[in-house]
Amino acid sequence: LSVIVFFILAAIGCASIPTQEMSDARQAINAAREVKADYYVPTLWASVQKKLAQAEIDLEAGQFFQARLVATLAKKQAVNAHNVAIAISRATSILQAVTAFGYSPIYARTLLEKAQAAARQGDVDQTIAFANDAYLQGKLALNQAQLEQAKILIDKAKARLAELSPNELVILNSAEAAYQNEEGKPANDLINRLFDSIGN
């Protein structure tokens, strides 16, 4: 008897209006839109939009089971689109930061191109894997670029030791310590702060 009751309740649940599923799908789509999924993964984005539209048609037609199913798929695809967009955007941003230093990390750019190609084909896992690898390579390249720029300025500052105040010497020593520890951003930030203080 309990099995029969279970199936009856399940059937009633399937026949109810899928309010939560539709809401979840729309929220996932809005989140994906905010990270420019329509730009980074246009094919997947188009599929998401199509599924949401179909779910709304099914809902209006009273096809609640079908609407629930399609809305759930729309949400899943929207989450994928969101994750892909985040991964590509993150890799793109760090490569732009490296380029700003006058460097062009070829391997990282190749990985990003592979990620973009996989995104066009709708391969979510490959896209994220390539984009994450591109980000990591870009991060390494950015650190190296920052270290090289910091070294130039550290040497320049050392040539002007007599002009430096005690506080400025502390900043220089901190910048050099960060450089020795291969911490590109801190080294670069500190030495630039020093030159903001003493001028070029």
Side-chain angles (χ1 to χ4, degrees), residues 20-56 68-153 175 178-193:
Q20 188 61 54
E21 289 83 357
M22 294 297 292
S23 175
D24 289 347
R26 290 189 184 104
Q27 286 179 24
I29 288 168
N30 287 336
R33 185 182 289 110
E34 286 177 7
V35 295
K36 300 181 181 177
D38 55 333
Y39 173 76
Y40 290 110
V41 278
T43 304
L44 185 54
W45 180 255
S47 178
V48 169
Q49 294 292 310
K50 185 176 178 182
K51 280 187 171 54
L52 180 63
Q54 184 60 54
E56 288 169 345
R68 176 176 283 105
L69 179 64
V70 178
T72 301
L73 289 173
K75 176 192 171 183
K76 182 179 178 182
Q77 284 194 340
V79 169
N80 284 340
H82 175 275
N83 293 342
V84 165
I86 288 287
I88 293 178
S89 175
R90 192 173 72 140
T92 301
S93 294
I94 202 158
L95 291 183
Q96 287 171 346
V98 178
T99 302
F101 277 89
Y103 292 79
S104 182
I106 296 171
Y107 181 54
R109 292 200 176 283
T110 300
L111 288 168
L112 179 57
E113 287 167 6
K114 287 182 177 180
Q116 291 165 333
R120 285 192 295 271
Q121 294 168 2
D123 191 331
V124 173
D125 292 338
Q126 280 279 40
T127 300
I128 291 174
F130 280 131
N132 286 345
D133 285 347
Y135 172 78
L136 291 174
Q137 290 299 318
K139 194 174 177 182
L140 290 172
L142 179 60
N143 188 62
Q144 187 59 39
Q146 289 169 326
L147 285 171
E148 290 177 16
Q149 291 292 318
K151 181 67 165 70
I152 292 168
L153 292 177
Y179 173 78
Q180 295 296 335
N181 290 329
E182 298 188 349
E183 298 168 348
K185 188 176 188 312
N188 201 55
D189 288 349
L190 284 163
I191 197 63
N192 275 290
R193 187 172 128 208

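The model shown is predicted, which means the values in this text are computed figures rather than measured ones.
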- [ ] For Asp133, enumerate each residue passing the side chain to side chain contact (heavy atoms under 4.5 Å, CB included) test, keeping only those at least two apart in sequence or located in another chain.
- [x] Leu111

Task: Set of residues satisfying side chain to side chain contact (heavy atoms under 4.5 Å, CB included) with respect to Gln121, sequence neighbours excluded - done: none

Can you check whether [X] reaches [Y] side chain to side chain, under 4.5 Å on heavy atoms?
{"X": "Pro105", "Y": "Leu95", "answer": "yes"}
{"X": "Tyr107", "Y": "Leu112", "answer": "no"}
{"X": "Leu52", "Y": "Val48", "answer": "no"}
{"X": "Glu148", "Y": "Tyr103", "answer": "yes"}

Task: Worked verdict on Val124 versus Leu44 for side chain to side chain contact (heavy atoms under 4.5 Å, CB included) - done: CA-CA 9 Å; Val124 173; Leu44 185 54; 4.2 Å; yes

From [X] atom [atom1] to [Y] atom [atom2], the distance as rounded to the nearest 0.5 Å:
{"X": "Gln49", "Y": "Gln77", "atom1": "CD", "atom2": "CD", "value": "11.0 Å"}
{"X": "Ser93", "Y": "Leu142", "atom1": "OG", "atom2": "CG", "value": "11.5 Å"}
{"X": "Phe101", "Y": "Gln149", "atom1": "CZ", "atom2": "CD", "value": "6.0 Å"}
{"X": "Phe130", "Y": "Asp125", "atom1": "CZ", "atom2": "CG", "value": "11.5 Å"}
{"X": "His82", "Y": "Trp45", "atom1": "NE2", "atom2": "CH2", "value": "10.5 Å"}
{"X": "Lys75", "Y": "Lys51", "atom1": "NZ", "atom2": "NZ", "value": "15.5 Å"}

Open item on the list: Donor-acceptor pair, distance only, cut-off 3.5 Å: does the side chain of Asn192 make one with the backbone of Asn188?
Closed with: yes

Open item on the list: Looking at Asn83 and Ile128, would you say the former's side chain and the latter's main chain have a donor-acceptor pair under 3.5 Å?
Closed with: no

Ignoring hydrogens and geometry beyond distance, is a side-chain donor-acceptor pair present between [X] and [Y] at under 3.5 Å?
{"X": "Thr72", "Y": "Glu21", "result": "no"}
{"X": "Ser23", "Y": "Gln27", "result": "yes"}
{"X": "Gln116", "Y": "Tyr40", "result": "no"}

Locate the shortest heavy-atom distance separating [X] from [Y]; write the atom from each residue and the value.
{"X": "Ala25", "Y": "Ala74", "result": "CB-CB, 4.3 Å"}
{"X": "Ala115", "Y": "Ala131", "result": "CB-N, 3.6 Å"}
{"X": "Ala71", "Y": "Ala55", "result": "N-CB, 3.9 Å"}
{"X": "Ala85", "Y": "Ala37", "result": "CB-CA, 3.8 Å"}
{"X": "Leu147", "Y": "Tyr179", "result": "O-CE1, 3.4 Å"}
{"X": "Ile88", "Y": "Ala119", "result": "CD1-CB, 3.9 Å"}

Open item on the list: Restricting to salt bridge (Lys or Arg N to Asp or Glu O under 4.0 Å), what partner residues turn up for Lys151, sequence neighbours left out?
Closed with: Asp155

Task: Under the salt bridge (Lys or Arg N to Asp or Glu O under 4.0 Å) test, residues paired with Asp123 that sit two or more places apart - done: none

Open item on the list: Give me each pair satisfying salt bridge (charged side-chain N to carboxylate O under 4.0 Å, His left out) with a member in residues 92-111, each pair once, sequence neighbours excluded.
Closed with: none

TODO: Please collect all salt bridge (charged side-chain N to carboxylate O under 4.0 Å, His left out) contacts where either partner lies in residues 24-50, sequence neighbours excluded, each pair once.
DONE: Arg26-Glu56

